[in-house]
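Only heavy atoms go into these numbers, but all of them, side chains included; no hydrogens, no water, no symmetry mates.
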Amino acid sequence: MESPLAALLWRSLRVYQVFGANTEVGKTVFTTLLCKSAKRNWQEENVSFLKPVSTGPLNEADDHHIKTFTTGINHHTLIQYGIPVSPHTAALASGEQIPSDNSVLARCREHASERAKAGKGWLFMETAGGVHSPGPSGTTQADMYTPLRAPVVLVGDAKLGGISQTIASFEALRIRGYDVQSIMLFQDSKYQNYLYLADYFSQKYNIPVMSLQEPPERLDNEVRDVEAMQEYYEQRTEENIVKTVLQHLDLNHTKRLARLESMAAKAHETIWYPFTQHEHLPAKDIMTIDSAHGDYFQTYSSKSQEHGALQASFDGSASWWTQGLGHANSQLTMAAAYAAGRYGHVMFAGAIHEPAMTLAENLLQGTGNSRLTRVFYSDNGSTGTEVAVKMGLRAARVRYGWGPNEKLGVIGLKGGYHGDTIGAMDCAEPCIYNENIEWYEGKGYWFDYPTILCKDGKWQISAPEGMEKELGQPQGFASLAQIFDVEGREKKNDQKLYETFIVEKLQALRAQGRKFGALIMEPIVLGAGGMAFVDPLFQRTLVKVIRRSPHLFTDEHGVSPRTEASKEWSGLPVLFDEVFTGLYRLGRFTPSTFLGVEPDVSVNAKLLTGGLVPLSTTMASEDIFNVFRSREKVDALLHGHSYTAHPIGCQVGIESLKAMQRMERRGEWDWAKNQGWVAPRRPESCSPAPPSLASKTTTPPGQGGQVWSVWPLDLVESLSRMKTRVDGVWALGSVLAVHLRDEAGAGYSSNAALGLRAALAQGEAAGSNGPWNVHSRVLGNVIYLMASQTTTREGVEQLSNLLVKSLE
């Protein structure tokens, strides 16, 4: 199995990719001149030409041209199709297996690696056709070659319409993160495109444009034609114009390496990092990211000359839980560019624009929550939860007639954390994140709860403090899906113990005279609190008890209970913080469907924009919304941001949701569901549901159905049996969490996971694709790995193998 692909950067080998603004613009002529000039002016033996994909007869192939008109140049074509058509058409017509994009890129990388071993030199990789000409698989070349991150020489179009073609090609490359370092084109006396383009690119982008006299017309006499072209090449090489281009490229190569080499040290002196004790962060531990694509960063390494200056680093935290559709996703990039070009940013108070309207409609429809009717936009998850709390507390105060100075708290879960703004922090119990904050004043009560882990090959629910006597030994289940069959468990009265536990706590709190305005919790998984996997039946029971217990939240006179069926909140407003767990993170559009309850307010962020730009939404019921309606402005929800509902974020959100819903409809996660999660397995293991449970697929897409993970069930079982190091494991959706043993006690201050993190960071020794490793984050004794929603089966297998190896 091929290792992940490291981008093309060596200290000795200067690699450049030659793109053309169109077909027949002279890419091969310019690449030949670059090769000849590099050979002559740099006096280096290691000058190479690579054509990854070529079409047409062998005697007209580009590397045949290089062979004819150069001496001492290494030339190679990876894939040659005999038909002179687009590579995707030629690949289909060949009758052979069509090579994948990854296989083509891997061969490019392998070839470049071999040339790097030959010593200092140059490698020019010439593409086929124009920027958007398809490769063999049908992916346009602009997208296909992005992971290589080679700087670009763009050959412009000198013909009629060539100005537009050249600028459009440049923009197509730039928007995908290519570094276009030089533009070359012929001097056409009729159109003189080079004059306009030289001025355009110099003023706008400070990119040099080099123009050369056109080659002679092709002659019928092959011998004379070759002689004429040889003479042309000699004259152009002697003019030293191409040498000037190479000097520019060489200087940029040196600057890029120097910048990468020095950036960590400069950052150590300049940057104040989040969640970081700088006393423990030497400059050498700062990761320098050159680029990113798919699931991987390209990170700088000074260790190896032979294998390149960059290595692929799996983004194990999904960039703090934001990454869903892969870094540098061209669909999201285009969505952002479209909105930026159409709107820039426009103010939102009392206004509407299409991206904000469509995203709101799509969210309300996608969540399938019959209570939610309104969408409030903010900028990130923390502020989104603050908005939710403002909504909930006001609704409770008005319902129960409390005065504006009444101290209200929230009910939540221990270890729950809702963000770093002051209001959001006040909704969490004292912990390492907030207890040293001068303004922190925790306002609430936080329930302890039963948690789920796979231990020694079996799913177990362990009791929290205060419930051990009633629950007894950890309860074992034949499958994770059986745990999530909350209605079936209710039929067996499994929830009664939870009800008693919750009611007794609420009665005690009422007796103390405490008042609460909302229930706020993260459904299923408490992220920052240590990846705690909560029994869904407990959370479901907590919501149901609170909704049917308004008498526990008011004075002795009580209020008239409101039934859940009315869709008006009862007891307390229920606020779900789905910032981390929402939008397919756990395999469903909303994790509330795991619980079978509908919140009155729901907050989303993170995957909302696929990891590209910040945006948050707080969805609320009409009943909550109406609390703020009044003739007095002071009664309104006076909360907002300058960039509220910014069109770029909303447009990207539309595209992100559309992409994930499309993946679900097409069954693109079926491979993950079939890794043992939904097929019957031996009952004593961490198996999926029996057929009667696994076959429940009547719920709408994204709103229920199966319990599954991209992480194989066999991996979860295997890790759970490493009892000397592992206390327990769980996996759901794209998340895998490994709870490591720590005799000194678990928690955020534990160092138990640091050794495993270091082993993953060490990664794998370099193969032809270069070195690769895993960049991961730890939460005390818990290390977690998070795939994106586009991670492949092969990618998961590679990560799984490295994880097991690192633990062993």
Side-chain angles (χ1 to χ4, degrees), residues 3-5 7 101-102 139 143 146-147 176-177 289 291-299 312-336 381 525 527 531 578-589 591 604-615 652-653 655-673 675 677 702 708-712 715 731-737 760 772-777 783-800 802-803:
S3 62
L5 190 75
D101 295 343
N102 287 340
T139 304
D143 286 325
T146 305
R176 286 166 173 78
I289 302 175
S291 64
H293 187 271
D295 290 329
Y296 291 87
F297 304 131
Q298 294 293 332
T299 57
S313 298
F314 179 78
D315 181 5
S317 69
S319 282
W320 268 350
W321 315 346
T322 63
Q323 192 53 243
L325 295 171
H327 294 280
N329 181 297
S330 60
Q331 289 175 285
L332 300 188
T333 302
M334 290 300 294
V525 177
M531 291 294 167
E578 300 187 20
V579 170
F580 166 48
T581 58
L583 304 177
Y584 294 102
R585 177 79 70 200
L586 303 182
R588 299 185 184 181
F589 192 97
N604 277 292
K606 304 294 187 187
L607 288 179
L608 180 61
T609 58
L612 187 59
V613 289
L615 186 72
V652 172
E655 189 62 42
S656 178
L657 294 186
K658 188 189 304 180
M660 290 188 286
Q661 289 173 316
R662 187 166 54 238
M663 291 178 72
E664 182 180 38
R665 278 196 312 272
R666 293 175 177 174
E668 293 185 31
W669 297 317
D670 286 354
W671 65 267
K673 297 175 184 179
Q675 294 183 112
W677 290 104
W708 59 277
S709 175
V710 299
W711 302 96
L715 171 70
L732 187 63
S734 58
V735 187
L736 171 72
L760 291 172
W772 74 281
N773 67 350
V774 174
H775 178 264
S776 57
R777 303 283 298 181
I783 191 166
Y784 64 91
L785 292 179
M786 211 170 294
S788 70
Q789 276 48 55
T790 55
T791 302
T792 63
R793 180 201 296 261
E794 293 75 21
V796 171
E797 287 177 2
Q798 289 161 342
L799 293 163
S800 301
L802 180 60
L803 177 60

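Between the side chain of Gln675 and the main chain of Val710, a donor-acceptor pair closer than 3.5 Å is present. Put simply, the side chain of Asp143 never gets that close to the backbone of Thr139: no donor and acceptor are under 3.5 Å apart. A distance-only check finds a donor-acceptor pair linking the side chain of Thr609 to the backbone of Val613 [under 3.5 Å]. The closest donor-acceptor contact from the side chain of Ser656 to the backbone of Val652 lies at 3.5 Å or more, if one exists at all. For Trp671 (side chain) and Glu668 (main-chain N/O), a donor-acceptor pair under 3.5 Å exists by modelled atom type. For Asn604 (side chain) and Leu608 (main-chain N/O), no donor-acceptor pair under 3.5 Å exists by modelled atom type. The closest donor-acceptor contact from the side chain of Glu578 to the backbone of Thr581 lies at 3.5 Å or more, if one exists at all. Judged purely by atom type and a 3.5 angstrom limit, Trp711 has no side-chain atom pairing as donor or acceptor with the backbone of Gly733. Formation of a donor-acceptor pair under 3.5 Å by the Thr146 side chain with backbone atoms of His293 is not found in this model.
Residues satisfying the side chain to side chain donor-acceptor pair (under 3.5 Å) test with Tyr784, not counting sequence neighbours, are Trp321. With sequence neighbours excluded, the residues forming a side chain to side chain donor-acceptor pair (under 3.5 Å) with Gln789 are Ser734, listed by chain and number.
Inter-residue side-chain proximity for Gln798 and Trp772 is flagged as met; some heavy-atom pair is nearer than 4.5 Å. In this structure, the side chains of Ser776 and Phe314 stay at 4.5 Å or more apart for every pair of heavy atoms. Contact of the Leu803 side chain with the Leu736 side chain is registered, since non-hydrogen atoms from C-beta on lie closer than 4.5 Å. Arg793 has its side chain out of reach of Val796: every pair of non-hydrogen atoms, C-beta onward, lies at least 4.5 Å apart. Contact annotation: the side chain of Val774 approaches that of Leu802 to within less than 4.5 Å [non-hydrogen atoms, C-beta and beyond]. Under the 4.5 Å side-chain criterion, counting only non-hydrogen atoms from C-beta, Glu664 is not in contact with Phe589. Contact annotation: the side chain of Met786 never approaches that of Ser317 to less than 4.5 Å [non-hydrogen atoms, C-beta and beyond]. Residues Ser709 and Lys673 are not in side-chain contact: their nearest non-hydrogen atoms beyond the backbone lie 4.5 Å or more apart.
With rounding to the nearest 0.5 angstrom, the NZ atom of Lys658 is 9.0 Å from the CD atom of Gln331. The structure places CD of Glu794 at 11.5 Å from CG of Leu799, a figure rounded to the nearest 0.5 Å. In this structure, the separation between CE on Met531 and CD1 on Ile783 is 11.0 Å, given to the nearest 0.5 Å.
In terms of heavy atoms, Tyr296 sits closest to Pro4 at OH-CG, 3.0 Å. Contact between Ala7 and Gln298 at its shortest, heavy atoms only, is N-OE1, 2.8 Å. Pairing each heavy atom of Leu612 with each of Thr333, the nearest pair is CD2-N, 4.2 Å. The minimum heavy-atom distance between Leu5 and Pro147, with the atom names listed, is CD2-CB, 4.3 Å.
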| Ser788 vs Thr791, side-chain hydrogen bond (donor to acceptor under 3.5 Å, both in side chains): CA-CA, chis, key distance, verdict | CA-CA 5 Å; Ser788 70; Thr791 302; 3.1 Å; yes
*Is there a side-chain contact (heavy atoms from CB on, under 4.5 Å) between Leu325 and Met660 once you walk through the steps?*
CA-CA 8 Å; Leu325 295 171; Met660 290 188 286; 3.9 Å; yes
Verdict with supporting geometry, His775 and Asp315, side-chain hydrogen bond (donor to acceptor under 3.5 Å, both in side chains):
CA-CA 6 Å; His775 178 264; Asp315 181 5; 5.0 Å; no
| task | Verify side-chain contact (heavy atoms from CB on, under 4.5 Å) between Ser319 and His327, making sure each step is shown before the conclusion. | result | CA-CA 10 Å; Ser319 282; His327 294 280; 3.4 Å; yes
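Of the options Val525, Leu586, Leu785, a side-chain contact (heavy atoms from CB on, under 4.5 Å) to Val735 is made by Leu586 and by none of the others.
Counting heavy-atom neighbours within 6.0 Å of Met334 CE, excluding the residue itself, gives a total of 12 or less.
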